[in-house]
Number of protein chains: 2
Amino acid sequence: MSENASAERTGFREVKEDIVSRIKNRTWGPGELLPGEVELSRQFGCARATVNRAMRELAEEGVLERKRKAGTRVVQNPVRHARFEIPIVRHEVEASGAEYRYALVKREVLTPPDWLQARMGVNSADRVIHVQCMHYSGNSPYQFEDRWINIAAVPKVEQADFTSTSPNEWLVNEVPLSKAEISFSASSASDEVARFLELKSGEPVFVAERATWLEELPITYARMSFPESYRLVSSL
Amino acid sequence: MSENASAERTGFREVKEDIVSRIKNRTWGPGELLPGEVELSRQFGCARATVNRAMRELAEEGVLERKRKAGTRVVQNPVRHARFEIPIVRHEVEASGAEYRYALVKREVLTPPDWLQARMGVNSADRVIHVQCMHYSGNSPYQFEDRWINIAAVPKVEQADFTSTSPNEWLVNEVPLSKAEISFSASSASDEVARFLELKSGEPVFVAERATWLEELPITYARMSFPESYRLVSSL
DNA sequence: CAGTGGTCTAGACCACACA
DNA sequence: GTGTGGTCTAGACCACTGC
């Protein structure tokens, strides 16, 4: 039963940690060149593939910079990366323990406004569905959603009435794996947004915008407004 | 010379794309079980390691869910992930083509306030440096930075005066690879923030908060306020 | 307990980028 | 040219976990 304590194999996690700690203790300073994979695999007593995976992941994480022939260096200006999870509103609310409530505010079919044509490349001849709805956490307004959906991209959307299912959830089930651009900003509540979020006009709101395409085909653009209390926290 | 045109090997990128397209065209619906790695490697005519890397990365990206013995499934509720780059302010401003200007507003040594002890686990007996400074893009206020630094974690900070280098840049060079928690929110400008950002009190500001530790040791907490015009856009 | 993914190896060839 | 990382392979053993 008692295993040989020294029998541990060197895994890529150990290699990663070792490299990181050498950077932390300044063995390898910013911008400095690391030994090649072959050399390191000898030092660590493992296969080159193991070192390769370790260094590849560290490069992915923004710690190292790798170039063929040039070698691997510690990144100079550690551009920080933060990763955020953007869950479905209902799940987000329910995860907090509160009851989720949804209400459709408006649903209309229009020709795409100019800004939408410019923003997403929607064809001016196409029609779009404009939906506004509210998401509540218990009895408190949680999010006001203002969304545009390209009918040409998702014809079935004309049959969806969004009275009981939010457009986001409907789309998630209908359009798998679309590509998205997301941005965050702060803004003053417009009269309309203030009314739905139960704020005064001009009070700060947190705004998330999301535009999605499926292979260059514009699907939807959404602007989601949250009251001041909302906080977006990095995962990982 | 002329290579056999059909000699293309199946790489992990091709495997990834193929899997993704099969999900897009509903060959594999949400929650559905995919064939095992061995089976897929036969279908694709490549080694299992290649399929493994493809599926591992897709799992990393949130497209697939993998469990030993249970197999690999298409993710049910595609929790969207967004990745953001948090650059050094100076670089961010200079990248926009504007001239960067920096000004120290305040620098003082204090005992850590209660909220900071609670937030970061700073020892109440330790001392902290409190720094406030402004970052300008051309002549426009770009960011107001309010930062606390744990002297016990970075003793050299007592010698830094921050009159010409911003605390962020100083720290980046002094403390490599610290772990950070980042959050974003919207807030009303306090009198102080409004004064520095040249806004009216109560106007919306975009707030980024960052807390960093080095191996459980609290290093610094910073609250950065941006005027309404600021927009954080997802990379990747 | 048995099947699936997780990882490691040893070796090989390739593609790029610098000299 | 030539060295470095990028990737693939075929095979092996392991660890977790659902049955």
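Computed from a prediction, not measured in an experiment: that's the story for all the values here. Order of the sequence lines sets the chain letters (A, B, ...), proteins ahead of strands, with each chain counted from 1.
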A.B. asks: Assign each of B:Arg48 and B:Arg53 to its nearest nucleotide of DNA chain D by heavy atoms, then name whichever residue's nucleotide is nearer the 5' end.
C.D. replies: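 Residue closer to the 5' terminus by nearest nucleotide: B:Arg53.
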A.B. asks: What is the pairing partner of C:dA19, taking Watson-Crick or G-U wobble pairs with both distances under 3.5 Å in any strand?
C.D. replies: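 Answer to the pairing question: none, since C:dA19 forms no Watson-Crick or G-U pair.
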A.B. asks: Run the salt-bridge test on B:Glu60 and B:Arg56 with the 4.0 Å N-O cut-off and return the result as yes or no.
C.D. replies: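 Judged by the 4.0 Å cut-off on N to carboxylate O distance, B:Glu60 and B:Arg56 do not form a salt bridge.
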A.B. asks: Just how far, in rounded Å, is C1' of D:dG5 from CZ of A:Phe12?
C.D. replies: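 The distance from CZ of A:Phe12 to C1' of D:dG5 comes to 18 Å, rounded to the nearest Å.
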A.B. asks: Both B:Pro35 and A:Gly11 contact DNA chain C. Taking the nearest nucleotide for each, which residue is further toward the 5' end?
C.D. replies: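 Whichever sits nearer the 5' end wins; that is B:Pro35.
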A.B. asks: Looking at D:dT9, I'd like to know if its phosphate oxygens (OP1 or OP2) sit under 4.0 Å from a side-chain N or O belonging to B:Thr50.
C.D. replies: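 B:Thr50 to D:dT9 OP1/OP2: side-chain N or O found under 4.0 Å.
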A.B. asks: Answer yes or no: are there more than 12 heavy-atom neighbours, outside B:Asn25 itself, under 6.0 Å from its atom CG?
C.D. replies: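 Result for CG/B:Asn25: enclosed.
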A.B. asks: How long is the gap from CG on A:Leu217 to CE on A:Met120, to the nearest 0.5 Å?
C.D. replies: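 Spacing of CG (A:Leu217) from CE (A:Met120) equals 9.0 Å.
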A.B. asks: A:Lys69 has a side chain; which of D:dT7, D:dG18, D:dT2 sits nearest to it?
C.D. replies: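 Closest nucleotide to the A:Lys69 side chain: D:dT2.
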A.B. asks: Let me know the distance between CG of A:Asn52 and P of C:dC13, rounded to the nearest Å.
C.D. replies: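 A:Asn52 atom CG is separated from C:dC13 atom P by 18 Å.
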A.B. asks: Would you indicate which nucleotide in C:dT9, D:dT7, D:dT9 comes nearest to any side-chain atom of B:Arg13?
C.D. replies: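 When the side chain of B:Arg13 is considered, D:dT7 is the closest of C:dT9, D:dT7, D:dT9.
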A.B. asks: Quickly work out the A:Leu64 CG to D:dG6 P distance and round it to whole Å.
C.D. replies: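 Roughly 11 Å, once rounded to whole Å.
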A.B. asks: Starting the side chain at C-beta, find the nucleotide from C:dA15, C:dA12, C:dT9 nearest to A:Cys46.
C.D. replies: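 It is C:dT9.
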A.B. asks: What's the CZ-C1' distance between A:Arg56 and C:dT7, to the nearest Å?
C.D. replies: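 Between C1' of C:dT7 and CZ of A:Arg56: 12 Å.
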A.B. asks: Do B:Thr72 and B:Arg66 have side-chain N/O donor and acceptor atoms under 3.5 Å apart?
C.D. replies: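 Yes, a side-chain donor-acceptor pair sits under 3.5 Å.
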A.B. asks: Considering only NZ, NE, NH1 and NH2 on the basic side and carboxylate oxygens on the acidic side, decide whether A:Glu32 and A:Arg22 come within less than 4.0 Å.
C.D. replies: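 Salt bridge between A:Glu32 and A:Arg22, a charged N being under 4.0 Å from a carboxylate O: no.
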A.B. asks: What's the CD-P distance between B:Glu14 and D:dT9, to the nearest Å?
C.D. replies: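 Result: 10 Å.
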A.B. asks: Whole Å only: how far is the CD atom of B:Glu65 from the P atom of D:dG18?
C.D. replies: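 Rounded to whole Å, this separation is 12 Å.
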A.B. asks: Which comes earlier along DNA chain C counting from the 5' end, the contact point of B:Ala70 or that of A:Ala70, where each point is its nearest nucleotide?
C.D. replies: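 Nearer the 5' end of the strand: B:Ala70.
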A.B. asks: In whole angstroms, how far is the P atom of C:dT7 from the CD atom of B:Glu57?
C.D. replies: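 Answer to the nearest Å: 13 Å.
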A.B. asks: In whole Å, what is the span from the CG atom of A:Leu33 to the P atom of D:dT4?
C.D. replies: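 Distance, rounded to whole Å: 9 Å.
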A.B. asks: Just to confirm, is there a sub-4.0 Å distance from OP1 or OP2 of D:dG18 to any side-chain nitrogen or oxygen of B:Arg68?
C.D. replies: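 For D:dG18, neither OP1 nor OP2 has a side-chain N or O of B:Arg68 closer than 4.0 Å.
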A.B. asks: Report the nucleotide, chosen from D:dT7, C:dG6, D:dT9, that has the shortest atom-to-atom distance to any side-chain atom of B:Ala49.
C.D. replies: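 From the listed options, D:dT9 comes nearest.
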A.B. asks: Looking only at side-chain N and O atoms, does B:Thr72 come under 4.0 Å of OP1 or OP2 in C:dG5?
C.D. replies: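 Indeed, a polar side-chain atom of B:Thr72 lies that close.
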A.B. asks: Among D:dT7, D:dA10, C:dG6, find the nucleotide with the atom closest to the side chain of B:Arg66.
C.D. replies: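 The answer is C:dG6, which lies nearest to the side chain.
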